[in-house]
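To start, the structure under review is shown below, and the notes come after it.
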Amino acid sequence: MLTNLYHKDFISTEDWSVDELNAMVEAGGELKRRFAFGEPHDHILRAKTLFMLFFEESTRTRNSFEAGVAQLGGHGIYLTPSATQVGHGENAQDTGRVLERYGHGIAVRDCRTDIGQAYQYELASHIDIPVISMQDDVDHPCQAMADLMTIREKFGDDLRGRKFTIAWTYAPKYVRPLSMPQALVMLMTRWGMDVTLAHPPGFELMPKCLDAARKHAAENGTKFEEINDMDEAFRDSDIVYAKSWGPITITEDPDEVQAMCDKHKDWITNERRMDLSKKSSIYMHCMPIDRGYEVTPGVVDGPHSVIYDEAENRLHIQKALMALTMGGRL
Ligand code: CP
């Protein structure tokens, strides 16, 4: 297992090799085993600090990072722009260079379109301690890695030939970022799976992420297709990952977004569609879920659903990430 990842940033899975990402999954499995058996592992980050800067809300990300760093013997500090001088415009250089005098890693959630990921690379360019993306406008690398870990637990390490479907679903209320589907098409095409992306016209992902997915598929001799038919996407799938995202490449105006979404209320994950997938298929969603809109109760709480396993694996994969990059011993 590779262990020379000390101080390596994790802003996108695109910045890590397959061997490096495999090391994270292996370490995550080892830490999950130790957690299950109650074996102490709080020496790994003893007295080390992770600063967690959130520009947006979170349930899973904040709590899994905070619990995770504590279990490794360290401490997580929850920050927001309004609780820091970031809210008054202090720049990435000054914020980063001060925080690195106090601690050992900085994690950021910033989903502002065309700003979030760029802010993290800017931060990383000024400091030596690792910068970790807790989701941005382009990628959600920790969630995607927890999902990969979950898929490998269900289907084994050799995923070649498995059909992975990411499908858009309808949801009301607020504009969801593109980073989750983008993270999935960029990562899963590197693991030998045939990836199908389905959405109504107007809900396209960022061109650079689609290009990355096409490149990975070509390099790995696998398939990456983009279609506008939800039924066709579900047919014969091994993994169905169906969630809502906004038409952000066209508009972020809430009224325009809602009007575009409202034309496609029939894009829901239901029992009929799950029956088109393989009998052994799994239903995935990163959560939070708009129950009754994105998915029927029978599917989300039914036998195909692995949503809580995915959420749990956020803890284990992030502990592995912090252990490897913030300097400890497994
Ligand atoms: N999946 C995920 O990132 O959840 P939160 O928004 O609750 O952190």
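We're numbering straight along the sequence, starting at 1. Not measured: the values here are computed from a predicted model. Basis for what follows: all heavy atoms, side chains included, without hydrogens, waters or symmetry-related copies. Just follow the structure's listing: the first ligand is 1, and inside any ligand the first atom is 1.
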Test ring-ring contact (aromatic ring centres under 6.0 Å, His included) applied to Tyr78 - qualifying residues, sequence neighbours left out: Phe54
Parallel, tilted or perpendicular, as decided by the 30° and 60° cut-offs, for the rings of Phe164 and Tyr241: tilted
Aromatic ring pairing Phe35/His41, orientation class (parallel under 30°, perpendicular over 60°, tilted between): perpendicular
Whether Tyr170 and Trp168 hold their rings parallel, tilted or perpendicular, with breakpoints at 30° and 60°: perpendicular
Between Glu252 and Thr113: side-chain donor-acceptor atoms closer than 3.5 Å: yes
Sorted by chain and number, the residues that approach ligand 1 to under 4.0 Å with a heavy atom: Ser58, Thr59, Arg60, Thr61, Arg109, His140, Gln143, Cys286, Met287, Arg314
Arg162 side, atom CZ; Lys154 side, atom NZ - distance, nearest 0.5 Å: 13.0 Å
